[in-house]
Peer 1: 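Quick one: this structure, given as structure tokens, is what I'll be asking you about.
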Amino acid sequence: MLQTVAMPGSVPEAQRFLSSLEGAIILAGGTVVMPVLNYGTDAFTSLVSLRKVGLSGISVETGKTTIGAATTLAELEDEKALAFLRPALDTIASPTIRNMATVGGNLFVKQPYGDLAVCLIALGATATIAGPGAERIEPVEQTVSSGVKAGEIVTQISLTLPAKDAFKFTKATRKAFNSAAIVTVAAVVVLEGRVVSSARIALGGVAKTPVRATSVEKALTGKPFDHAHVEAAAKEALKDIDPADDAYASAWYRARVTPVHVRRALLGE
């Protein structure tokens, strides 16, 4: 049962609360934590809020952007340099939720949610993580897969802005809005002429955490970017996923439709 809510004013102070308060967890936007609290199923006894620690904001410089971990999804939508992400952001929950949900929090949302994390993996984003004694930078892909250690806080996300039209996205759901993913596909495909020179593809909803579709990337790179080659490469996605049954779709169905949606995302169908 919740007993303490701490409101630190800096990252070091937040870390001190995390280490000194038994059973403490981080409270960012609260879109995941508060429902748990309201249902009375919480296993934590203390919350350490990041609201006043100074982790909000977006900076864009020479083709790169740095996003504070406490920046909301609504703030991302308002950033012109990140306009390519708006179609993806529009599929995440409701405007009300996006006004509260944070970039850092989205990295740790359980599947089949966490669509922004899928996009960040495809974009090759890195996470800066403040630990008790030092700071480290690692691929978002690793942060999403391994999580962070006790006392660590994700402070910012950095990424290189993709070339025009290089970012691809689609999300298959049971209904148009506010629904979890059956499968989410995000990709950055770079062409030299009509040939794929590089590809980063990430999938959500089809494994315990968002995953890289490395088999598709390998099959696609060096090949002409046309329907036949993309369709053949998309079938390789079955090697990268480990879907599970849930209320939205069966594992069988997710596996069945994943190559279809990979193809549709890449070709813009």
Peer 1: State whether the side chain of T45 and the backbone N or O of E22 hold a donor-acceptor pair below 3.5 Å, judged by distance alone.
Peer 2: yes

Peer 1: Report the C-alpha distance between F108 and V144 in whole Å, list the side-chain angles of each, state the deciding distance to 0.1 Å, and finish with yes or no for side chain to side chain contact (heavy atoms under 4.5 Å, CB included).
Peer 2: CA-CA 6 Å; F108 305 104; V144 168; over 6 Å; no

Peer 1: Between E236 and K239, is a salt bridge (charged side-chain N to carboxylate O under 4.0 Å, His left out) present by the stated rule, with each step listed?
Peer 2: CA-CA 6 Å; E236 298 294 308; K239 298 177 181 176; 2.6 Å; yes

Peer 1: Closest heavy-atom contact between A125 and I157?
Peer 2: CB-CG2, 3.8 Å

Peer 1: I need the L161 CG to L82 CG distance, nearest 0.5 Å.
Peer 2: 6.5 Å

Peer 1: Indicate whether any N or O donor in one side chain lies under 3.5 Å from an N or O acceptor in the other, for E138 and T126.
Peer 2: no

Peer 1: Looking at every heavy atom in both A69 and V154, which two are closest together, and how far apart are they?
Peer 2: CB-O, 3.1 Å

Peer 1: Looking at T66 and S158, what are the two nearest heavy atoms and their distance?
Peer 2: OG1-OG, 3.6 Å

Peer 1: Can you tell me if R256 has over 12 outside heavy atoms packed within less than 6.0 Å of its CZ?
Peer 2: no

Peer 1: Keeping K171 on the side-chain end and D115 on the backbone end, is there a donor-acceptor pair under 3.5 Å?
Peer 2: no

Peer 1: Strictly below 4.0 Å, N to O, side chains only: are E217 and R200 in salt-bridge contact?
Peer 2: no

Peer 1: Considering non-hydrogen atoms only, spot the tightest contact between A81 and E79 and give its length.
Peer 2: N-OE2, 3.1 Å

Peer 1: Measuring only between side-chain heavy atoms, which start at C-beta, is S19 closer than 4.5 Å to Q15?
Peer 2: no

Peer 1: Less than 4.5 Å apart, side chain to side chain, heavy atoms only: is that true for V216 and V262?
Peer 2: yes

Peer 1: With rounding to the nearest 0.5 angstrom, report the CD1 to OG1 distance, I67 to T155.
Peer 2: 12.5 Å

Peer 1: Does any non-hydrogen side-chain atom of L73 lie less than 4.5 Å from one of I97?
Peer 2: no

Peer 1: Do I153 and I129 have side-chain heavy atoms sitting under 4.5 Å apart?
Peer 2: no

Peer 1: Looking at D165, is its backbone amide N or carbonyl O close enough to the side chain of K168 to form a donor-acceptor pair, meaning the two atoms are under 3.5 Å apart?
Peer 2: yes

Peer 1: Mind listing the closest non-hydrogen atom pair of I92 and R98 along with its distance?
Peer 2: O-NH1, 2.9 Å

Peer 1: I'd like to know if the side chain of S250 pairs up with that of D245 as donor and acceptor (distance under 3.5 Å, no hydrogens or angles considered).
Peer 2: no

Peer 1: Does F84 share a hydrophobic cluster with V140, counting links as ILVMFWY side-chain heavy atoms below 4.5 Å and allowing steps through other members?
Peer 2: yes

Peer 1: Is there a donor-acceptor contact under 3.5 Å from the side chain of T31 to the main chain of A101?
Peer 2: no

Peer 1: So do V5 and S46 actually touch side chain to side chain, heavy atoms under 4.5 Å?
Peer 2: no

Peer 1: Please check if the side chain of Q111 supplies one atom and the backbone of G205 the other of a donor-acceptor pair under 3.5 Å.
Peer 2: yes

Peer 1: Please step through salt bridge (charged side-chain N to carboxylate O under 4.0 Å, His left out) for the pair D246 and K110, ending with a clear verdict.
Peer 2: CA-CA 12 Å; D246 63 20; K110 291 182 178 180; over 6 Å; no

Peer 1: Tell me if a side-chain donor or acceptor on T91 pairs with a main-chain N or O of A88 at a distance below 3.5 Å.
Peer 2: yes

Peer 1: Taking T128's backbone N and O only, do any of them form a donor-acceptor pair with R136's side chain (distance below 3.5 Å, no angle check)?
Peer 2: no

Peer 1: Rounded to the nearest 0.5 Å, what separates atom CG in L2 from atom CG in L47?
Peer 2: 5.0 Å

Peer 1: Both conditions, 6.0 Å and 45 degrees, for the charged tip of R174 above the ring of Y253: are they met here?
Peer 2: yes

Peer 1: Going only through I, L, V, M, F, W and Y residues with side-chain contacts under 4.5 Å, is there a path from F169 to L203?
Peer 2: no

Peer 1: So, the side chain of T72 versus the backbone of T102: is there a donor-acceptor pair under 3.5 Å, distance only?
Peer 2: no

Peer 1: Any chance you could lay out the salt bridge (charged side-chain N to carboxylate O under 4.0 Å, His left out) test for E231 and R263, step after step, and finish with the verdict?
Peer 2: CA-CA 6 Å; E231 185 170 39; R263 187 199 73 215; 3.6 Å; yes

Peer 1: Kindly compute the distance separating CZ (R254) from OH (Y248), expressed to the nearest 0.5 Å.
Peer 2: 9.5 Å

Peer 1: Kindly work out whether a path of hydrophobic side-chain contacts (I/L/V/M/F/W/Y, heavy atoms less than 4.5 Å apart) joins L120 to V185.
Peer 2: no

Peer 1: Answer with yes or no whether the hydrophobic clustering places M34 together with L107; edges join I, L, V, M, F, W, Y residues whose side-chain heavy atoms lie under 4.5 Å apart.
Peer 2: no

Peer 1: So with a 6.0 Å cut-off around CZ of R212, is the heavy-atom count from everything else above 12?
Peer 2: yes

Peer 1: Between F44 and L37, is the side chain to side chain contact (heavy atoms under 4.5 Å, CB included) condition met? List the steps.
Peer 2: CA-CA 9 Å; F44 47 85; L37 189 63; 4.0 Å; yes

Peer 1: Do T221 side-chain atoms and K218 backbone N/O form a donor-acceptor pair below 3.5 Å?
Peer 2: no

Peer 1: Are C119 and L85 close enough, and set up right, to give a side chain to side chain contact (heavy atoms under 4.5 Å, CB included), and what steps lead you there?
Peer 2: CA-CA 8 Å; C119 299; L85 277 176; 3.9 Å; yes

Peer 1: Between atom CG of L27 and atom CE of M7, what is the distance when rounded to the nearest 0.5 Å?
Peer 2: 8.5 Å

Peer 1: Take Y113 and N106 through the test side chain to side chain contact (heavy atoms under 4.5 Å, CB included) and record every step on the way to the result.
Peer 2: CA-CA 8 Å; Y113 301 95; N106 196 270; over 6 Å; no

Peer 1: Tell me the closest heavy-atom pair linking V103 and G68, and the distance in Å.
Peer 2: CB-O, 4.3 Å

Peer 1: Under 4.5 Å between side-chain heavy atoms, counting indirect links through other Ile/Leu/Val/Met/Phe/Trp/Tyr residues: same cluster for L267 and L220 or not?
Peer 2: yes

Peer 1: Is there side-chain contact between V188 and L123, with heavy atoms separated by less than 4.5 Å?
Peer 2: yes

Peer 1: Calculate, to the nearest 0.5 Å, the distance between atoms CD1 and CD belonging to I26 and E152 respectively.
Peer 2: 9.5 Å

Peer 1: Are side-chain heavy atoms of V118 and L116 found at a separation under 4.5 Å?
Peer 2: no

Peer 1: Measure the shortest side-chain to side-chain distance between T173 and I182 over non-hydrogen atoms and say whether it is less than 4.5 angstrom.
Peer 2: no

